[in-house]
Amino acid sequence: MESDTRTNRTTLTDFILLGLVESEELQSVVFVLFLFAYMVTVGGNLSILAAILAEPKLHTPMYFFLGNLSVLDVGCITVTVPPMLDRLLSHKRTISYDACLSQLFFFHLFGGMDCFLLTAMAYDRFLAICRPLTYSTRMSQEVQRILVAVSWACAFTNALTHTIALSTLNFCGPNEVNHFYCDLPQLFQLSCSSTQLNELLLFALGFLMAGTPVVLIITSYIHVAAAVLRIRSVEGRKKAFSTCGSHLTVVCLFYGTGIFNYMRLGSEEASDKDKGVGVFNTVINPMLNPVIYSLRNPDVKGALWKVLVRRPILT
């Protein structure tokens, strides 16, 4: 359990992830449920992506961002669920120090990208409804690529900052993480050195990564709501709100659970609640997103129907 004395940063080479349940019977149930959820999530999001690529009618900025969101959902659940399934199969709950930091990095990379991508989608709806005459120029393909590239850069910087800051902590005591994946609040509890600066960094970057996008999203939808209410026809209002309803639902689910998880650093008792929030963040949200966007969107449903059901048979 001794690390390289040249770094003198940690005396642990691995952690023990306690997981969701302890009994072997329940572990089998958890394995089946999470395997099913993973397959549904990956299948659903890849189907959305395939429909967007295959249907020319969906080659618009809104669906460009939705396709990117589908890729993020697959990445987010892949970072956490397959390693957990592997540990359940092998009955080994250990994860190496380096693997733990890698998982932490990619989890925050995809999560941070989600924050900015949802903001870009809100901006897209604002331009489409409030600035329709200049929409095609303000949301050109070049602008779309820039928004996605900047989002990746900001998310990468955030994830790398947290990972480097965590690597400076000294872990010399208990190595049991009361979670099913590596995340900041649970690892802070195991540190032998002071985590005050890390917690301040978490709050500061959390405000920038979540607070700023939330303000921009709310501002965008205030303008959208005002513009929609000026539409005289009921059918026009309904159509305008329907294009925003799915996005608002996803935003509320994502930010609601994210704020609950990171805007307070709890004790060990709170970590048990964090497991439920973690399941929601890493499994439920990515699994629900394709359902939310397809059920409320006839264009996506039609494209999915063509891709999944009406695929021509080559002879």
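From a predicted model like this one, the values you see are computed outputs, not experimental measurements.
- In this structure the side chain of L101 reaches within 4.5 angstrom of the side chain of S167, judged on heavy atoms.
- Proximity of L216 to Y123: side-chain heavy atoms (C-beta onward) are nowhere separated by under 4.5 Å.
- Here the side chains of L17 and C182 are in contact, with some heavy-atom distance below 4.5 Å.
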F188/L166 under side-chain contact (heavy atoms from CB on, under 4.5 Å): CA gap, chis, key distance, verdict: CA-CA 8 Å; F188 287 167; L166 186 72; 3.9 Å; yes
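- No side-chain heavy atom of N198 sits less than 4.5 Å from a side-chain heavy atom of L184.
- Between the side chain of N45 and the backbone N or O of P286, at least one donor-acceptor pair lies under 3.5 Å.
- If you take CG on L127 and CZ on R131, they are separated by 8.0 Å, rounding to the nearest 0.5 Å.
- Atom CZ of F105 sits about 10.0 Å away from atom CG of N158, to the nearest 0.5 Å.
- In this structure, the separation between SG on C244 and CZ on F126 is 12.0 Å, given to the nearest 0.5 Å.
- Of the possible donor and acceptor atoms, one in the side chain of T168 sits under 3.5 Å from a partner among the backbone N and O of A165.
- Each of V150 and L117 belongs to its own hydrophobic cluster when Ile, Leu, Val, Met, Phe, Trp and Tyr are linked at side-chain heavy-atom distances under 4.5 angstrom.
- Side-chain atoms of S193 come within 3.5 Å of backbone N or O of N170 as a donor-acceptor pair.
- Hydrophobic cluster membership is shared by L85 and L26, with clusters built from Ile, Leu, Val, Met, Phe, Trp and Tyr side chains linked at under 4.5 angstrom.
- Considering N289, T60, I52 as possible partners of L66, the one that fulfils the side chain to side chain contact (heavy atoms under 4.5 Å, CB included) test is I52.
- One hydrophobic cluster, built from ILVMFWY side chains closer than 4.5 Å, cannot hold both L18 and V277; they sit in different ones.
- For the side chain to side chain contact (heavy atoms under 4.5 Å, CB included) with M84, the qualifying choice from F31, F34, Y181 is F34, the only one to do so.
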Stepwise side-chain contact (heavy atoms from CB on, under 4.5 Å) check, L187 with C100: CA-CA 10 Å; L187 291 174; C100 188; 4.0 Å; yes
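- Placement of M39 and V79 within a single hydrophobic cluster is found when ILVMFWY residues are connected by side-chain heavy-atom separations under 4.5 Å, directly or transitively.
- In this structure, the side chain of T195 does not engage the main chain of S191 through any donor-acceptor pair within 3.5 Å.
- Residues V250 and Y293 meet the side-chain proximity criterion, which asks for heavy atoms closer than 4.5 Å.
- With contacts defined as side-chain heavy-atom distances shorter than 4.5 Å, the pair D114/D73 qualifies.
- The hydrophobic cluster containing F254 does not contain V215, counting ILVMFWY residues as joined when their side-chain heavy atoms lie under 4.5 angstrom apart, directly or transitively.
- With hydrogens and angles left out, the side-chain atoms of H247 and Y221 include a donor and acceptor closer than 3.5 Å.
- Counting heavy-atom neighbours within 6.0 Å of F106 CZ, excluding the residue itself, gives a total of 12 or less.
- Of the possible donor and acceptor atoms, none in the side chain of H179 sits under 3.5 Å from a partner among the backbone N and O of G19.
- Between atom CG of residue L58 and atom CG of residue L304 there is a gap of 8.5 Å, rounded to the nearest 0.5 Å.
- Scanning both residues, M209 and C115, for their nearest heavy atoms gives O-CB, 3.3 Å.
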Tell me, with the steps shown, if L288 and L253 meet side-chain contact (heavy atoms from CB on, under 4.5 Å). CA-CA 10 Å; L288 286 180; L253 290 174; 4.2 Å; yes
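- In this structure, Q186 and V177 approach most closely via the heavy-atom pair CB-CG1, 3.8 Å.
- Taking every heavy atom of both residues into account, M139 and P61 meet most closely at CG-CB, 3.4 Å.
- Contact record, C76 with F107: SG-CE1, 4.2 Å, taken as the closest heavy-atom pair.
- Proximity of a side-chain donor or acceptor of H223 to a complementary backbone N or O of T219 within less than 3.5 Å is detected.
- In this structure, the separation between CE on M113 and CH2 on W152 is 5.5 Å, given to the nearest 0.5 Å.
- Between I77 and A37, the closest heavy-atom pair is CD1-O, 4.2 Å.
- The aromatic rings of H108 and H162 sit tilted, their planes meeting at an angle between 30° and 60°.
- For the residue pair T78/Y38, the side-chain donor-acceptor check at 3.5 Å is satisfied.
- Two residues are said to be in side-chain contact when any heavy atoms from C-beta on lie closer than 4.5 Å; S220 and R125 fail this criterion.
- No side-chain heavy atom of F116 sits less than 4.5 Å from a side-chain heavy atom of V148.
- Between K275 and F180, the shortest heavy-atom contact is O-CE2, 3.8 Å.
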Do L35 and V32 pass the side-chain contact (heavy atoms from CB on, under 4.5 Å) test, and can you show the C-alpha distance, the side-chain angles, and the key distance before you say yes or no? CA-CA 5 Å; L35 178 61; V32 173; 5.9 Å; no
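- The CG atom of N178 sits 7.5 Å away from the CD atom of Q189 when rounded to the nearest 0.5 Å.
- F156 CZ: 12 or fewer foreign heavy atoms inside a 6.0 Å radius.
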